[in-house]
Chemist: 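The structure is given below, and queries will be raised subsequently.
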Amino acid sequence: MKAMQIDFATPGWRRTLYRLHPAMLAAGVAGALLCVAAGTLAWQTAQEREARERQLNAARQKAAVKAPVRLPETAIPEAQAAAVNTAVMQLNIPWRGLQDAVAAATPSSIALVALEPDPRKQTLKITAEAKNADEMVAYVEQLKQQDFFLGAGIIRHEINTGDPNRPLRFQVEAQWRAR
């Protein structure tokens, strides 16, 4: 026969506590201890934060009281300043954009000889060779079609008589857009 559970006790917290499994009781106590530990840690962290804020405010007030240290001024000669500015302008040339635009516009029939950028005027002088004048004019038109350049024009041209193929050497000046 099966054992019967007869309980005439009135419902309440003592009855619930008595019928509670010991593992559940241990888990409840562990949870309560964890909550107390977390609360204590949060309180300590808040206290440390307040102490650091007080230290930071004190350091800010102390720094505000001190007069700023003035560094001695040194005069830079005009020639040195111009040389530095020229070097900075050379370093700031948009090489990638120039090369991409020139490569996109240059057909295989055109031989590039030199690229000379002028950062002050934002211009690029391109020295190239072509077999004939039609190829030269077509190349200049392709340079004008590039979005990177505002415009392009032939500066000078000559026939290279020293070469047996007698190529047409020309120089184009293209102005690039400021980015």
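By convention here, the first residue in the shown sequence is residue 1.
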Chemist: Under 4.5 Å between any side-chain heavy atoms of Asp118 and Lys125, yes or no?
Modeler: no
Chemist: Taking the side chain as everything from C-beta on, heavy atoms only, tell me whether Arg52 gets closer than 4.5 Å to Arg49.
Modeler: no
Chemist: Would you confirm whether Asn165, through its side chain, and Pro167, through its main-chain N or O, come within 3.5 Å as a donor-acceptor pair?
Modeler: no
Chemist: Hydrophobic clustering (ILVMFWY, side-chain heavy atoms < 4.5 Å, transitive) - are Ile155 and Leu168 grouped together?
Modeler: no
Chemist: If I compare all heavy atoms of Met89 with all of Arg120, which pair ends up nearest, and what's the gap?
Modeler: CE-CG, 3.1 Å
Chemist: Which pair of heavy atoms, one from Val140 and one from Ala152, lies closest together, and at what distance?
Modeler: CG1-O, 4.0 Å
Chemist: Identify whether the distance between the nearest side-chain nitrogen and carboxylate oxygen of Arg169 and Glu158 falls below 4.0 Å.
Modeler: no
Chemist: Of all the heavy-atom pairs spanning Arg15 and Thr10, show the shortest one and how long it is.
Modeler: CD-O, 3.7 Å
Chemist: Asn160 versus Arg166: any side-chain heavy-atom pair under 4.5 Å?
Modeler: no
Chemist: Would you call Pro117 and Trp95 a side-chain contact if the rule is heavy atoms closer than 4.5 Å?
Modeler: yes
Chemist: Using modelled atom types and a 3.5 Å cut-off, is there a donor and acceptor pairing between side-chain atoms of Gln80 and backbone atoms of Ile76?
Modeler: no
Chemist: Side chains of Leu124 and Val102: closer than 4.5 Å at any heavy-atom pair?
Modeler: yes
Chemist: Could you pull out the closest heavy-atom pair between Gln142 and Pro107, with the gap in Å?
Modeler: OE1-CD, 3.5 Å
Chemist: Under a 4.5 Å cut-off applied to non-hydrogen side-chain atoms, are Phe149 and Thr123 in contact?
Modeler: no
